[in-house]
Amino acid sequence: MGEDAKNLCVLGSTGSIGRTVLRVVRQYPDKYNVVVLAAHSSGDVLLEQASEFRPKVCALTDQGAALKYCGGFNKLGIELLAEEDCLPVVVAFTEVDSVVCAMSGVAGLAPMESAVRAGKEILFANKEALVAGGNYVMRQVRGKAVRFMPIDSEHSAIYQCLLAGKRDEVSSITLTASGGPFLRSSREEMHAATKEQVMAHPTWEMGPEVTVNSATMMNKALEVIEARFLFDLPPDKIRVVIHPQSIVHGFVEFVDGSAIAQLSKPDMALAVQYALTAPERLPGVVEPLDLTALGRLEFMEPDMELFPVLSYAYEALEGGWWEPVALNAINETLVGAFLRGEISFGTLLKLVCDCFEKRSKAAGGSGFSTDEPERLDDILKAHSVFRDFALSALDGH
Ligand code: NDP
Ligand code: MG
């Protein structure tokens, strides 16, 4: 462990991004110490990670899992926290320098907000938290002047490309999308897809929710919203282009007609590494690109008939602050039902559209205020209104 090393708290360490973070950290033992590791219920993986990285504290937010695994953590001499709401507390520990937000879902919002309030550096993959937290979180980020670094590959790319010019020289930013497994399918084929087909992403290996979101293109919709808040750009300057090879992750067009792009192999380790080391670069854990071996890179407009949810990002951003919250809550709830095998992929696609189209009706009389949120609870209340609305839509299926 390095004396001058940065102390990391990794939320969601057992997931796809969390494991990638630890893979990068393993390469630089003098630069990073892991002081907190947290997950929901994957006690066996967390225990293994704890025995390798020796954090001071671990957390499992699932009480049953914590009870099952506490003996193992005791043996290692590592404190295990188990309360569901312990994460906003652990991120603010004085030993923590940087918080890696690698949890999935809106559950990551309260810890993210707490880390910002505590003035910690934030490295975030958890786009759902920023989509829901929106300007409320970004105001605090700016107020506290914390370093707030994206891990999402497209946003990491845009962050890097923006360094090539001044803010008022930017004419647009473009996020690329692989198109997922249904890029070349008809609408009928897509709606009839099996879970196995949905989970077979052509270029990225990711956790279950983000894999489903990539198949519906909701992942890109959430990323447009993420980019709007993170880079403070109007929605009409944020574009999406399909790029099946996932080599160009994003590009920025400047007023002089130049486009600056970031290219690399589709491996999240590079975006994680850049979030940790920027603006410096270190010899990486990712293999360099061989463009001649790739031969050809394709780019095309997204098919809005096949992927109607992409337009919802722009609709949500045109509306009140609660509309991105609604889009995320509806999607998160319905994707959960799909992953548990309760609904088919076709039903997921249909219900996401039905529920989002009826968001204003659902908001009316539900008891949350549509005034700008002043507290985190205002956002969480809106989230639960649209979660319940989506759950009620599930009842008929
Ligand atoms: P995974 O499903 O693989 O991992 C999710 C992690 O979050 C797990 O460690 C899980 O713990 C933990 N977690 C979930 N809910 C809770 C909770 N309530 N309390 C504590 N821990 C919790 O997801 P990914 O790693 O794929 O994605 C993580 C985030 O990064 C998502 O927001 C995703 O959109 C984003 N992202 C992912 C990319 C990828 O390539 N995977 C790319 C860009 C962004 P447990 O294992 O115990 O369930
Ligand atoms: Mg992405």
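Just so you know, ligand 1 is whichever comes first in the structure, and atom 1 is the first atom listed for that ligand. Atoms considered below: every heavy atom in the structure, side chains included; atoms not considered: hydrogens, waters and symmetry mates.
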(request) Nearest 0.5 Å please: distance from the CZ atom of Phe251 over to the CD1 atom of Ile173. (result) 10.5 Å
(message) Can you name the atoms of ligand 1, numbered from 1 with element, that are less than 4.0 Å from a heavy atom of Pro208?
(response) 2 (O)
(request) Inspect the surroundings of CD in Glu95 and state if more than 12 heavy atoms from other residues, nucleotides or ligands are less than 6.0 Å away. (result) yes
(message) Between the Mg ion (ligand 2) and Glu223, which N, O or S atom of the residue is the nearest one?
(response) OE2
(message) Within ligand 1, which atoms have a heavy atom of Ser41 less than 4.0 Å away?
(response) 45 (P), 47 (O)
(message) I need the atoms of ligand 1 closer than 4.0 Å to a non-hydrogen atom of Thr61, numbered in the order shown.
(response) 17 (C), 18 (N), 19 (N), 20 (C)
(request) Flag the pair Lys358 and Asp354 as a salt bridge only when some basic side-chain nitrogen lies within less than 4.0 angstrom of an acidic carboxylate oxygen. (result) no
(message) Does either side chain, that of Asn328 or that of Lys127, offer a donor lying less than 3.5 Å from an acceptor on the other one?
(response) no
(request) Answer yes or no: does atom CD of Glu374 have more than 12 heavy-atom neighbours from other residues, nucleotides or ligands under 6.0 Å? (result) no
(message) Using a 4.0 Å cut-off to any heavy atom of Ala125, which atoms of ligand 1 qualify?
(response) 30 (O), 32 (O), 35 (C), 36 (N), 44 (C)
(request) Please report which non-hydrogen protein atom sits nearest to atom 10 (C) of ligand 1, along with the residue it belongs to and the distance in Å to one decimal place. (result) Thr14 OG1, 4.0 Å
(message) Once you restrict to heavy atoms under 4.0 Å, what part of Val210 touches ligand 1? Side chain, backbone, both or neither.
(response) side chain
(request) May I ask you to list the atoms of ligand 1 that are less than 4.0 angstrom from any heavy atom of Gly12? (result) 6 (C), 7 (O), 9 (O), 12 (C)
(request) Please state which part of Ala102 comes within less than 4.0 Å of ligand 1, counting heavy atoms only: side chain, backbone, both or neither. (result) backbone
(request) Starting at CE of Met112, measure out to CD of Gln140 and round the result to the nearest 0.5 Å. (result) 11.5 Å
(request) Examine Trp204 against ligand 1 and note whether any of their N/O atoms are separated by less than 3.5 Å. (result) no
(request) Using distance alone, determine whether Gly207 and ligand 1 share an N or O pair under 3.5 Å. (result) yes
(request) On the 0 to 90° scale, with breaks at 30° and 60°, tag the Trp204-His249 ring pair as parallel, tilted or perpendicular. (result) tilted
(message) Please list the nearest protein heavy atom to atom 38 (C) of ligand 1 with its residue and the distance rounded to 0.1 Å.
(response) Ile17 CD1, 3.4 Å
(request) Look at atom CZ of Arg187 and say whether more than 12 heavy atoms of other residues, nucleotides or ligands are closer to it than 6.0 Å. (result) no
(request) Using distance alone, decide if ligand 1 has a nitrogen or oxygen within less than 3.5 Å of any nitrogen or oxygen in Asn219. (result) no
(message) Students often mix this up, so state it plainly: with edges at 30° and 60°, are the rings of Phe356 and Tyr312 parallel, tilted or perpendicular?
(response) tilted
(message) For atom 13 (N) of ligand 1, what is the closest protein heavy atom, and at what distance to 0.1 Å?
(response) His40 CB, 3.9 Å
(request) Any atoms of ligand 1 less than 4.0 Å from a non-hydrogen atom of Asp152? List them with their elements. (result) 43 (C), 44 (C)
(request) May I ask whether Ser104 places a heavy atom under 4.0 Å from ligand 1? (result) yes
(message) For the backbone of Val35 and the side chain of Lys56, can you confirm whether one donor and one acceptor N or O come within less than 3.5 Å of each other?
(response) no
(message) Give the atom numbers and elements of ligand 1 that come within less than 4.0 Å of a heavy atom of Asn126.
(response) 32 (O)
(message) So if I apply the side chain to side chain contact (heavy atoms under 4.5 Å, CB included) rule between Ser42 and each of Asp62, Thr14, Leu60, which one comes out positive?
(response) Thr14
(request) Return the name of the atom in Asp152, of element N, O or S, nearest to the Mg ion (ligand 2). (result) OD1
(request) Check all N, O or S atoms of Glu154 and name the one closest to the Mg ion (ligand 2). (result) OE1
(request) Name the orientation class of the two ring planes belonging to Phe386 and Trp322 (parallel below 30°, tilted from 30 to 60°, perpendicular beyond 60°). (result) parallel
(message) So if I count the atoms of ligand 1 from 1 in the order they appear, which ones are less than 4.0 Å from some heavy atom of Ala107?
(response) 18 (N)
(request) May I ask you to check whether Gly15 has an N/O atom sitting below 3.5 Å from an N/O atom of ligand 1? (result) yes
(request) Quick one: do Tyr136 and Glu113 satisfy side-chain hydrogen bond (donor to acceptor under 3.5 Å, both in side chains)? Show the steps, please. (result) CA-CA 9 Å; Tyr136 170 81; Glu113 192 226 16; 2.6 Å; yes
(message) Quick test of your reading of the structure: of Met206, Glu332, Met103, whose heavy atom lies closest to atom 31 (C) of ligand 1?
(response) Met103
(message) Quick check: Arg19 and ligand 1, any N/O pair under 3.5 Å apart?
(response) no
